[in-house]
2 protein chains.
Amino acid sequence: MSSRKEPTRQRRGSEQITLKQVAEAAGVSAITASRALNTPERVNDTTRERILEAVERLGYVPNLVAGSLASSRSRFIAVIVPSLANAVFIEVIHGLQETFEAQGYQILLGNTDYDLQREYQLVRTFLGWSCSALVTAGLRHNEACLGLLRQWDKPVMEVMELGEGLDLNVGLDHYGAGRCMAHHLLERGYRSIVYVGACMDRDYRAAMRFSGHREVLEAAGLPAPLVELQRLGSLEAGAEGLDRALAERPEVDAVHFDNDDLAVGALLHAQRRGLRVPEDIAIAGFNGLPLGQHVTPRLTTVLSPRETMGRLAAEQVLKRLENDLDRALAPQRQHDVGFTLLVGEST
Amino acid sequence: MSSRKEPTRQRRGSEQITLKQVAEAAGVSAITASRALNTPERVNDTTRERILEAVERLGYVPNLVAGSLASSRSRFIAVIVPSLANAVFIEVIHGLQETFEAQGYQILLGNTDYDLQREYQLVRTFLGWSCSALVTAGLRHNEACLGLLRQWDKPVMEVMELGEGLDLNVGLDHYGAGRCMAHHLLERGYRSIVYVGACMDRDYRAAMRFSGHREVLEAAGLPAPLVELQRLGSLEAGAEGLDRALAERPEVDAVHFDNDDLAVGALLHAQRRGLRVPEDIAIAGFNGLPLGQHVTPRLTTVLSPRETMGRLAAEQVLKRLENDLDRALAPQRQHDVGFTLLVGEST
DNA sequence: CGTTGCGATGTTAGCGCTAACATCGTTTTA
DNA sequence: TAAAACGATGTTAGCGCTAACATCGCAACG
């Protein structure tokens, strides 16, 4: 007996049905089975039926990890946001998800908690998953992250704000939104206007809105006092913001809040305190969340098209993925989704 | 020249730095480099430093797809929820995410839109990614989905509600929560109570709360009229719900809403209509969202510990993953996170 | 002082799938 | 009618990594 030393190395094979087994059951080769599932039009109708029947009968579940490795395409879309506590990001994610999932892409969601170092780590992980594209909130990243993204050859979409980005960009002008609301408050005749921001050191889009606001006030020869809260926007924080604005500037006649959560929190709190809005104090927000339009008085705010932003961003990415265009060649890389001043009765 | 026919078959290799290149640069074998990254304690200190230096220098990003295929472990956690529009699920996801990400797991999020067929497709996809565990909302799945999950050998966690599940379970008793609020309304003296539900055909947890509610009312000899809305809970829908309740049952003295979004929408709408809450009409909700505690009058509701539910679910799954226990052997498979009646001034 | 044990590293063989090329019979084209 | 084109399927060779086993040098031990 010539010892045909059969290798006995054992792997704890996952015991799952493989494509090869499906192929055998259908009497074809593995690649034909693969084609029947991935590019059905390239397989003869009867053969395909035989294969699909075997898939069904054996309960085959494709191993997507193996498929991705072999093709170096994963159909993952990395989505990085700074927070899940803010409804704004949820709505953008929703827009992204609906559009991407309809095309068979799966979202990989990451949350940075407004930490750029964390963003870098997430990007590294996501690149490791051979994502088809990456969507991230904002135009600011740390150097390491920029380095990775610049040399990456897949679409990178930066959403929420507008400006010169790495690749694709869909967003709105936060600076302009801040200016817009400040103009509105001045037009209404308010002259002692306090801005209340939350975590503006980390949320620089909020800081941009404030700087738009400040510039308008200063151009009108007015001071632009700021109350900074050390926690993220919430109804609770809004109440605190109002109290602090009133305490620090007793003469205040209008408060411009960084977002609608704060503003509505303040509005409800004002009512509890017996303050009339807008007679005693005017209140303005940013975002245009539904909630602001259901309170009485309705909140004056700046409406941002959030789900649209997600949908449009996804569409732009898909367009690039389909055409497989080079980053540099692609036309129309920047999209302004704009904003709308929504005047309620709170100002 | 013996033509040593070198195979010329070309793959469009991703041009990425591979572990092998790192290993060469550090003068070790690939497996040692792999160990330096994954199980650093098994590599000599100086060797490890040399490898890490090469990783840094070359800008190596590990290919997680390849790693997962080789090890058949992906460190993915599949999370399936029926909706992103509802803050409840966002908070559960948040709790899950914080706990899992701290342990180096990545969440794969899927949204079924309350469609069990869609859930089955998501489960198939996620199993194809060799997820380490799967977390899904609810105990009801279609047959195909149950089949897949039953024969899967990794932890399955069913959250939100309580009952006999496939494997692990963390949740609360929705039937009991419905009973609890109904009792409260009876105690308060209301006798003409309408229940307003949203999409109860699809959201069967809502249906369970209603059936608890109905049973209590019927036991007290009262009818339990139901107003069903054909859209998901929102402030808008709550306003509609109130209008319909009043139109269909002019004698109504209390409305038990399916969730806080509806209830708050109704409360704000009542105020716009000039109805006093609770004098003209009492309003109750379910969930204990912060919003309900910021309106005046504060909303009477049932508080569910949502982030805790996510956190606890993640902890239970991690415990199983760490100990690698068999499904059948694991102790304490079911956890009741309970609920609390939160009495505001709206009832 | 041979043997055992152990820590550090290497060799080999896949994980399950698909890109690239090959083959073959049939159809279209010049 | 030979050549080119095409549609359907197969063969081969990886994708980049890690499990399992192998090796080697050195310390511990009876």
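Heavy-atom basis, side chains included; hydrogens, waters and symmetry copies ignored. All of these numbers come straight from a predicted model, not from anything done at the bench. Naming: A, B, ... by sequence-line order, numbering from 1 per chain.
- Here the side chain of S29(A) is nearest to one of dG10(C), dG10(D), dC15(D), namely dG10(D).
- Of the possible polar contacts, one joining the N38(B) side chain to the S34(B) backbone as a donor-acceptor pair under 3.5 Å is found.
- Proximity of W129(B) to S68(A): side-chain heavy atoms (C-beta onward) are separated by under 4.5 Å at one or more points.
- To the nearest angstrom, P of dG16(C) lies 9 Å from CD of Q21(A).
- Within the structure, no pair that satisfies the ring pair (Phe, Tyr, Trp, His ring centres under 6.0 Å) test touches residues 88-123 of chain B, not counting sequence neighbours.
- Residue R57(B) places its CZ atom among more than 12 non-hydrogen atoms of other residues, nucleotides or ligands, all under 6.0 Å distant.
- Across the protein-nucleic acid pair, R75(B) atom CZ and dC17(D) atom P stand 17 Å apart, rounded to whole Å.
- Each of T136(B), T112(B), L148(B) was scored for a side chain to side chain contact (heavy atoms under 4.5 Å, CB included) with V123(B), with one residue passing: L148(B).
- Using a 4.0 Å cutoff on non-hydrogen atoms, the parts of residues 30-50 of chain A near DNA chain C are I31(A), S34(A), N38(A), ordered by number.
- Nearest to the side-chain atoms of L19(A) among the listed nucleotides dC17(C), dC15(D), dC17(D) stands dC17(C).
- A search for side-chain contact (heavy atoms from CB on, under 4.5 Å) contacts involving L52(A) returns L37(A), R48(A), not counting sequence neighbours.
- For R73(A), the listed nucleotide lying nearest its side chain is dA19(C); candidates were dC17(C), dA19(C), dG16(D).
- Here V65(A) lies out of heavy-atom contact (under 4.0 Å) with every strand.
- Taken to the nearest 0.5 Å, the CG atom of L64(A) stands 12.5 Å off from the CG atom of L69(A).
- What separates CG of L69(B) from C1' of dC15(C) is a distance of 4 Å, to the nearest Å.
- The nearest whole Å value for the distance from the CG atom in N63(B) to the P atom in dC15(C) is 18 Å.
- Atom CG of L127(B) is separated from atom C1' of dG16(C) by 16 Å (rounded to the nearest Å).
- Proximity note for A66(A) (side chain, C-beta onward) versus dA19(D), dG16(C), dG16(D): the nearest is dG16(C).
- In this model, the phosphate group of dC17(D) is approached by a side-chain N or O of Y60(B) to a distance below 4.0 Å at OP1 or OP2.
- K20(A) places its NZ atom 14 Å from the C1' atom of dT18(C), with the value rounded to the nearest Å.
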